[in-house]
Engineer: 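A single structure is presented below for examination.
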Amino acid sequence: MIISRRTAISASAAAMLASPALAATDPLRPWIVINALGGLDDPNHPSDDPAVITPRMLADAYASGETAVNLTLGYVFGPAKPYETTLADIAHWDGLIRAHPRDLTKILKAADFMKAKAENKVGLIYGFQNAAMMGDDASRVDRFATLGVRVIQLTYNNANQLGDGSMAPEGRGLTPFGHEVVERLNRNRVMVDLSHSGRQICLDAARASRQPISINHTGCRALTDLPRNKTDEELKLVADKGGFVGIYFMPFINATGHATAADVVAHIEHALQVCGEDHVGIGTDGGTTPIDDLEAYKTALAKEHADRVAKGISAPGERADTHPFVDDLRGPDQFRKLARLLAQRGHTPARIEKILGRNFVRYAHEVWGG
C-alpha cells in the first residue's frame with residue numbers, strides 16, 4: 001500500500017481503533033455509516049415476495065451501526081413487466097415504512113442522513129439496478145423522482161435501451177435514449193449510477209452528466225480482471241468529475257471467487273490511490289443479517305447460480321461454489337471490522353469515517369441538495 005506520511009497515523013492510534021475495546025468505545029457511534037448498495041433482508045427467513053420486515057433484520061441493522069442503505073427496488077431482470085413491477089414495489093416499500101415508523105425512514109435529501117441518525121432509525125434510499133422500466137419514455141424519470149427514487153443505475157449486466165451492461169459483448173456506449181435519461185436524471189437531481197455497466201457507457205455517462213455520477217458497488221479491474229470491476233480509467237474519470245465509488249464485498253474482488261476481508265481492503269486502497277480519499281466508500285451488495293448455516297446454503301446457492309446462468313445474467317467470477325458475499329466480513333460487525341482493518345493498515349480515523357459514509361454524504365449533498 002502507498003500512503004503518504006501526512007496520512008499515516010501513529011501505531012498507538014491505530015491500535016486503539018483496532019483493539020477489543022472498540023465494543024466499549026464504538027467509533028461508529030458518532031459516524032454516519034452509508035451502505036451505497038445493500039439490503040434490508042433476512043436470508044434465514046423463508047423467501048417472501050413481496051418482502052417483509054422481520055425483527056432480526058431490524059436488530060442486525062441497528063447493531064451494525066448502519067445509518068442508511070441504498071435499497072434495490074423494482075425490476076432488475078427477468079420476464080416481469082419492468083414499469084408495472086417497479087411501481088408496485090415502490091408502493092410496497094412505502095407501506096413497509098409506514099408500518100414501521102419507529103424504525104424506518106425514507107431518505108430524500110442529504111440532511112435526512114443526519115435526521116435518521118438523530119432519531120435512531122434505519123434510512124432507506126430508494127434505488128434501481130436497471131433503467132429498463134423507462135421503456136421508451138424518459139419522462140418516467142420525473143414520476144420515479146416524485147415517488148422518492150434517488151438512485152438509478154443505467155444498466156444491469158445485460159444490454160438495455162440505454163446502452164450495454166458489463167456482460168454485453170457489443171460494448172455499446174450511451175445511446176441517444178440513454179442521453180435523454182441522463183439529462184432527466186440531472187434535471188430531477190437523481191443519482192446516475194454506473195455499477196454493472198460496460199466500460200464505454202460508464203465513460204460516456206460521466207462525460208455527459210452535468211452532475212457527478214457514481215459507481216455504487218464495484219471492484220478494481222487493475223487488481224482483479226473481471227468484467228464486473230472497473231478500470232482505472234473509469235474510476236478516475238468518475239472521481240475527477242466529483243463522483244463516488246463504492247467498493248463491494250463480493251467474490252469478484254478475488255480471482256479465485258473466494259474473497260476475503262483483506263481483498264476488500266486492497267480494493268479500497270487501490271481506489272483511494274486512483275480516486276483520492278474524498279471519493280471512495282462502500283457499497284457491499286449485501287445486508288447486515290448473515291446466513292446462519294453456510295453448509296445448508298450450498299444447495300440454495302447452486303440453484304441460484306444455475307438460474308442466473310439460464311437467464312444469461314451471470315458474470316465471470318460467479319460460480320456454484322462462490323458465495324455472493326465475503327465470509328469473514330459479514331453480519332452486524334462488518335463495518336466495525338472493516339474500520340479495524342483499515343486502522344491496522346495505517347488509515348486515519350478521519351479517512352475511515354469518510355470511507356464508511358462521509359464521502360457518500362458529500363456526494364449526496366452535491367446531487368440531491370439539502
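Only a predicted model underlies this, so the values are computations on that prediction, with no experimental measurement involved.
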Engineer: Classify the ring geometry of Phe113 against Phe360: parallel below 30°, tilted from 30° to 60°, perpendicular beyond 60°.
Structural biologist: perpendicular
Engineer: One thing to verify: whether Lys109 and Asp112 come together as a salt bridge, which I'm taking to mean a side-chain N less than 4.0 angstrom from a carboxylate O.
Structural biologist: yes
Engineer: Report the residue from Ile90, Val190, Leu185 that forms a side-chain contact (heavy atoms from CB on, under 4.5 Å) with Phe144.
Structural biologist: Ile90
Engineer: Can you name the nearest heavy-atom pair linking Leu28 to Ser64, along with the distance?
Structural biologist: CD1-O, 3.5 Å
Engineer: How about Asn160 and Thr155: does a side-chain donor come under 3.5 Å of a side-chain acceptor?
Structural biologist: no
Engineer: Under a 4.0 Å N-O cut-off, is there an ion pair linking Arg187 with Glu183?
Structural biologist: yes
Engineer: State whether the side chain of Asp328 and the backbone N or O of Ala261 hold a donor-acceptor pair below 3.5 Å, judged by distance alone.
Structural biologist: yes
Engineer: Can Asp137 and Arg184 be counted as an ion pair, charged N to O under 4.0 angstrom?
Structural biologist: no
Engineer: Would you please classify the geometry between the Tyr297 ring and the Phe325 ring as parallel, tilted or perpendicular, with 30° and 60° separating the classes?
Structural biologist: tilted
Engineer: Any side-chain donor paired with an acceptor under 3.5 Å for Thr86 and Asp89?
Structural biologist: no
Engineer: Tell me whether Leu87 is reachable from Met134 by hopping between hydrophobic residues (I, L, V, M, F, W, Y) whose side-chain heavy atoms are closer than 4.5 Å.
Structural biologist: yes
Engineer: List the atom of Leu223, the atom of His270, and the distance in Å for their closest heavy-atom pair.
Structural biologist: CD1-CB, 3.8 Å
Engineer: For the side-chain contact (heavy atoms from CB on, under 4.5 Å) test, which of Ile247, Ile352, Leu341, Asp263 pairs with Ile268?
Structural biologist: Ile247
Engineer: Hey, is CG on Asp136 packed in by over 12 heavy atoms from elsewhere, all under 6.0 Å?
Structural biologist: no
Engineer: Give the table of side-chain donor-acceptor pairs shorter than 3.5 Å for residues 93-102, with sequence neighbours excluded, one pair per line with atom names and distance.
Structural biologist:
| unit_1 | atom_1 | unit_2 | atom_2 | d |
| --- | --- | --- | --- | --- |
| Asp94 | OD1 | Lys106 | NZ | 2.9 |
| Asp94 | OD1 | Tyr126 | OH | 2.7 |

Engineer: Does a side-chain N-to-carboxylate-O contact under 4.0 Å join Asp240 and Lys236?
Structural biologist: yes
Engineer: Distance alone, cut at 3.5 Å: any donor-acceptor contact between the side chains of Thr284 and Asn35?
Structural biologist: yes
Engineer: Could you tell me whether the side chains of His347 and Glu269 share a donor-acceptor contact shorter than 3.5 Å?
Structural biologist: yes
